[in-house]
Every structure is written in C-alpha cells, then in structure tokens.
Amino acid sequence: YGMLLGLAVGQSGGTVSGNTFNGSSAAGNGIGVWMYGDCTGITINNNTFTNWSSGSIQAAIYIGNSDTPAQNTAANATISNNTFASSTDGIRFRGGQPNSHAGLSLVGNSFAGTVGTYIRNPNAPTTVSAAGNTYNSVVLNGATPTADILAIADKMLDKVDVDTYG
C-alpha cells in the first residue's frame with residue numbers, strides 16, 4: 001500500500017501555479033494536490049492534472065485532513081483555470097468536514113470527459129458552485145441547455161446522489 005502525492009499544501013495563503021501533475025505511476029492512493037490543514041486563501045491555478053486514478057483516494061485535487069477534521073478549511077481559497085483529464089475524481093472533498101470550504105471559488109477550470117467524477121462533495125450542508133467551469137467541452141452557465149446540465153450532473157457526486165452529501 002503506498003501513495004503518490006504530487007504536492008501537499010497545509011498553510012494559509014500562497015499560490016500553486018503553472019505545474020503539470022501526472023499520476024500515471026501511482027500505486028495505492030494517488031493525489032495531485034492535497035489541501036490539508038488551514039488552506040485559507042490558497043490559490044491553485046493554471047495547472048494540468050492527468051492520470052490520478054489508483055487507490056481508494058484517487059483525485060487530482062483532494063481537500064481534507066483525516067487527522068483533524070475541524071482544522072481543515074479551504075475557506076476563501078481559489079481553484080481556477082486548471083485542466084483535469086483521465087482521473088477518477090477531478091476535485092474531491094473529504095467527508096465529515098461540513099462548512100470547511102465556505103467561500104471557495106471554483107471557476108474557469110476544464111474537466112475532460114475522461115474524468116470519472118468531476119466534483120465529489122460529501123459534506124452536508126455545504127454546497128460548492130460548479131458554474132463557470134467547462135465540462136467535456138460544455139461551459140456550465142445560465143445559458144447551458146438542460147440536456148448538457150443533466151450530462152454534467154451525472155458526473156458530480158453530491159446530495160442528489162447520496163442524501164447525506166452536500
């Protein structure tokens with residue numbers, strides 16, 4: 001059992017930008033960027049995430065702290081203009097951490113159709129806006145046709161899928 005971890009971020013403030021995170025050789029868990037601890041105000045932008053799809057935690061970006069759930073926060077953090085492809089989860093929040101990501105800005109990202117679950121949010125009652133991102137070449141906004149919205153929703157894991165999720 002092992003883990004391939006591209007980068008762990010556990011301090012407030014700071015920027016992760018312009019990197020390529022490729023998990024093609026991951027054995028066990030595979031995480032591109034793990035946001036743990038107090039990540040208030042962190043910016044993750046203009047990165048490319050591919051091939052994060054092995055182990056029980058399989059995410060390009062994983063937000064959560066298994067040791068101290070109450071400590072974790074991505075409050076007022078920004079995840080923008082990143083590209084996600086060929087991964088089990090694009091962005092995954094750890095369960096059991098409600099309200100840990102209030103004010104999170106998640107915009108301008110591009111999720112390829114090869115991402116299994118675009119966003120996995122098991123944290124009720126906290127919701128995350130998925131608008132302003134591109135999913136399999138479709139921009140999600142107020143003009144997105146219903147058929148495209150439903151196709152995007154099929155690749156989100158949230159309260160619609162599991163009653164106790166956010």
Can you label the angle between the Trp34 ring and the Tyr62 ring as parallel, tilted or perpendicular, going by 30° and 60°?
tilted

Where Trp52 and Ser87 come nearest, the two heavy atoms and their spacing:
N-OG, 3.1 Å

Tightest non-hydrogen contact, residues Gln58 and Arg92, listed as N-NH1, 3.9 Å

With a 4.5 Å cut-off on side-chain heavy atoms, are Phe111 and Ile152 touching?
no

CG-NZ distance between Leu150 and Lys155, expressed to the nearest 0.5 angstrom
14.5 Å

Nearest 0.5 Å, please: how far is CG in Asn136 from OG in Ser110?
9.0 Å

Between CD1 of Ile63 and CG of Asn121, what distance do you get to the nearest 0.5 Å?
9.0 Å

Residue of the set Leu106, Val138, Leu140 for which side-chain contact (heavy atoms from CB on, under 4.5 Å) holds with Asn133:
Leu106

Indicate the atoms forming the closest heavy-atom contact of Val139 with Thr144, along with that distance.
O-OG1, 2.7 Å

Met156 vs Ile119 side-chain heavy atoms within contact, under 4.5 Å:
yes

Would you say Phe93 and Val107 are hydrophobically clustered, going by side-chain heavy atoms of ILVMFWY under 4.5 Å?
no

If you round to the nearest 0.5 Å, how far is CD1 of Ile42 from CG of Asn76?
12.0 Å

What closest approach, in Å, do Ser17 and Thr15 show between heavy atoms, and which atom pair accounts for it?
CB-CG2, 3.8 Å

Look up atom OG1 in Thr48 and atom CZ in Phe84, then write down how far apart they are to the nearest 0.5 Å.
9.5 Å

If you define the side chain from C-beta out and look only at heavy atoms, does anything of Thr78 sit under 4.5 Å from Asn45?
no

Side chains of Phe21 and Asn82: does their closest heavy-atom pair fall under 4.5 Å?
no

Close side-chain approach of Tyr118 to Asn109, heavy-atom, < 4.5 Å
no

CG-OG1 distance between Asp89 and Thr117, expressed to the nearest 0.5 angstrom
5.0 Å

If I compare all heavy atoms of Tyr135 with all of Ala130, which pair ends up nearest, and what's the gap?
OH-O, 2.7 Å

